[in-house]
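Worth knowing before you read on, the calculation uses all heavy atoms, side chains too, and leaves out hydrogens, waters and symmetry mates. For this chain, numbers begin at 1 and follow the sequence in order.
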Amino acid sequence: MSELYNLIPSQENIYTLVKYSFHKQIVQVPSSVSFDYDIDFSLLLKALNIEIERNDCLRLRFKEVDGVIKEYFLPEYKIHRVPVLTFNTKEEQEKYFDKDAQTPVYFLKDECYRIKFFRAYNGYSGIYFNVSHLVMDAMGIFIFYTDLMGVYKALATGSELPPPMFRYEDYIKSEHEKMKNTARLEKSAEFYKQYFAKGGEPGYAGIHGPEFLERERKRTHNPALKVPTAYSPIYDKSAFLILDIDAEKGQKILSFCREKSIAPEMLFILAMRTYCSAVNYRTPDVFCNLMCGKRITYKDQRMGGCVAQTLQVRTIIPETDTFAEALDECLTVRNQLFRNLNYPFTYSRGMLMKMYNHKVIQGVSAFMVSWLPFSSAVNGSDLAMEFRTYNLGRYFNPLYAIVFPNPHTGGISINYMYRYKIVNEKTVRSFHKNTVDIIMKGIENPDITIRELLNGVTR
């Protein structure tokens, strides 16, 4: 057998969810991409097998050894057949993929992913991919789609293959080496200790308002409770809602970020945390999670695998700050967290729990955000494409917002997955509307104050 490796911190972060969930589909990522031209699926299968050679995470497998999850790489692997599905209606297509999305990928039984080709109801040709999060994160998936279609194009036209992919196995080795740097880890631990201590114990500020926290206070007879049992392994059923920002507003947002050199995810986090502040007694202290892609260099962007890291974003912003000042604060927090990217989430979360005596299922983060910087072009092509994710059916966080430029509409899409036991669709729609309104008011008038933005929030 090939060399066995322990999971790296990014994977440990994901595997933690398995240990505290009864429903194992929360550690997989179902998605699809479709294109506005006919695909030769027999040729795409050949391209897929070439991709498996190029993109080594597609040969990644897992096994349990003495109670510890280990991973290894198959030297070679081929897929001899991929189902080709044809859908006549949108409802038929959605129903099929929603069902598969909520069927666990059994990564300990050598099923690390499921892949299907399809002819969509709208005439597009596409690829559906449901993969263990231990194998790929969201950007790893899009890199897979992009490189696979690059290989397909090369086979179809007789041109050269795209540049080689970098090996995820080498990344795994480098991550284990980084974990031996105890001085760096101790420095990051000191940062997090001060970061979590500033402002005292953080409080839960959900998009649904204070009702959930107030119920927990009554149930526990603790009127001072700040962090409820938000991460329930039982009441974790989720719903899914896709909401869009139109092309005009989307392009204004993206242009603002480019011109000001602003990370788009922090613009969205600022707007989202402002809404949460408004509906939670206008608390200045809002805590959320950011799923950071950690793909910074060219090498990172030409490699598969799971490299994402969950970052705990705490922002304490007074109402007297302007939008521009608040955005600067968000960006400062992001820079601080990025300087400590190699400190595992399991360590920082454990530290927060220990500092404030939180239990495992107590969650201070009311929502999580992922920003996926997808390009509207695939390998230089300007052909229209559609990308989307699907509802897992179960999720640990009250709300997860996956935000990305929509190459099909020219705007921005947000895929919301939310626990409907504590968050309903009406609330998600209000959250979305106010998020967009806050962003637009802020980029059009950076001197507007947070107080003015809070006053403009509607439920």
Between Thr283 and Asp285, do the side chains contain a donor N or O and an acceptor N or O under 3.5 Å apart? no
How far apart are the C-alpha atoms of Phe73 and Tyr168, what are their side-chain angles, what is the distance that settles it, and do they pass the side chain to side chain contact (heavy atoms under 4.5 Å, CB included) test? CA-CA 10 Å; Phe73 291 83; Tyr168 184 53; 4.0 Å; yes
Taking every heavy atom of His408 against every heavy atom of Asn406, the minimum-distance pair comes out as N-OD1, 2.7 Å
Tell me whether the centres of the aromatic rings in Tyr128 and Phe118 are closer together than 6.0 Å.
no
Exercise. Please determine, by modelled atom types, if Ser238 and Tyr420 share a side-chain donor-acceptor pair under 3.5 angstrom.
Key: no
Can you label the angle between the Phe117 ring and the Phe41 ring as parallel, tilted or perpendicular, going by 30° and 60°? parallel
Q) For residues Tyr145 and Ser31, is any side-chain donor paired with an opposing acceptor at under 3.5 Å? A) yes
* Would you confirm whether the ring centroid of Phe35 sits within less than 6.0 angstrom of the ring centroid of Tyr124? => no
Inset, instruction - Using distance alone, with no hydrogens and no angle criterion, decide if Tyr416 and His432 have a side-chain donor and acceptor under 3.5 Å apart. - result: yes
query: So is Arg61 actually on top of Tyr77's ring, under 6.0 Å and inside 45° of the axis?
result: yes
| request: Using only heavy-atom distances, determine whether the side chains of Thr103 and Asp100 contain a donor-acceptor pair under 3.5 Å. | output: no
Under 6.0 Å from the six-membered ring centre of Tyr390 and within 45° of its axis: does the NZ or CZ of Arg388 meet both? yes
Row check, Phe338 ring normal vs Arg334 NZ/CZ: under 6.0 Å, within 45° | yes
Residues Met291 and Ser370: closest non-hydrogen pair is CB-OG, 3.1 Å
- More than 12 heavy atoms from other groups under 6.0 Å of NZ on Lys294: yes
Side chains of Glu3 and Tyr5: donor-acceptor distance under 3.5 Å anywhere? yes
Those residues at least two apart in sequence (or on a different chain) that pass side chain to side chain donor-acceptor pair (under 3.5 Å) with Asp328 are none
Less than 3.5 Å apart, which donor and acceptor atoms pair up between the side chains of residues 197-204 and the rest of the protein, not counting sequence neighbours?
residue : atom : partner : partner atom : Å
Glu201  : OE2  : His358  : NE2          : 2.8
Tyr204  : OH   : His208  : NE2          : 2.8

Measure up the Phe107 and Tyr15 rings against each other and bin them: parallel (under 30°), tilted (30 to 60°), perpendicular (over 60°). perpendicular
Q. Is there a donor-acceptor contact under 3.5 Å linking the side chains of Tyr192 and Gln312?
A. no
- Please step through salt bridge (charged side-chain N to carboxylate O under 4.0 Å, His left out) for the pair Lys153 and Glu160, ending with a clear verdict. CA-CA 9 Å; Lys153 179 181 177 181; Glu160 291 186 10; over 6 Å; no
Q.
Do the side chains of Glu92 and Lys95 get close enough for a salt bridge, i.e. N-O under 4.0 angstrom?
A. no
**Item:** Ring geometry between Tyr395 and Tyr400 (parallel below 30°, tilted from 30 to 60°, perpendicular above 60°)
**Value:** parallel
Residues at least two apart in sequence or cross-chain that pass salt bridge (charged side-chain N to carboxylate O under 4.0 Å, His left out) with Arg429, listed by chain then number, are Glu425
Nearest heavy-atom approach of Asn342 to Leu185 is O-CD2, 4.0 Å
For this session: Report the C-alpha separation of Asp236 and Lys421 in whole Å, then their side-chain angles, then the decisive distance to 0.1 Å, and conclude whether the salt bridge (charged side-chain N to carboxylate O under 4.0 Å, His left out) test is met.
Result: CA-CA 7 Å; Asp236 61 353; Lys421 181 73 175 178; over 6 Å; no
**Asked** Ion pair present between Lys109 and Glu111, side-chain N to carboxylate O less than 4.0 angstrom?
**Response** no
Apply the test side chain to side chain donor-acceptor pair (under 3.5 Å) to residues Tyr347 and Ser188: give CA-CA distance (whole Å), side-chain angles for both, the deciding distance (0.1 Å), then the verdict. CA-CA 10 Å; Tyr347 289 18; Ser188 291; over 6 Å; no
For Gln309 and Tyr343 the tightest heavy-atom approach is NE2-O, 2.6 Å
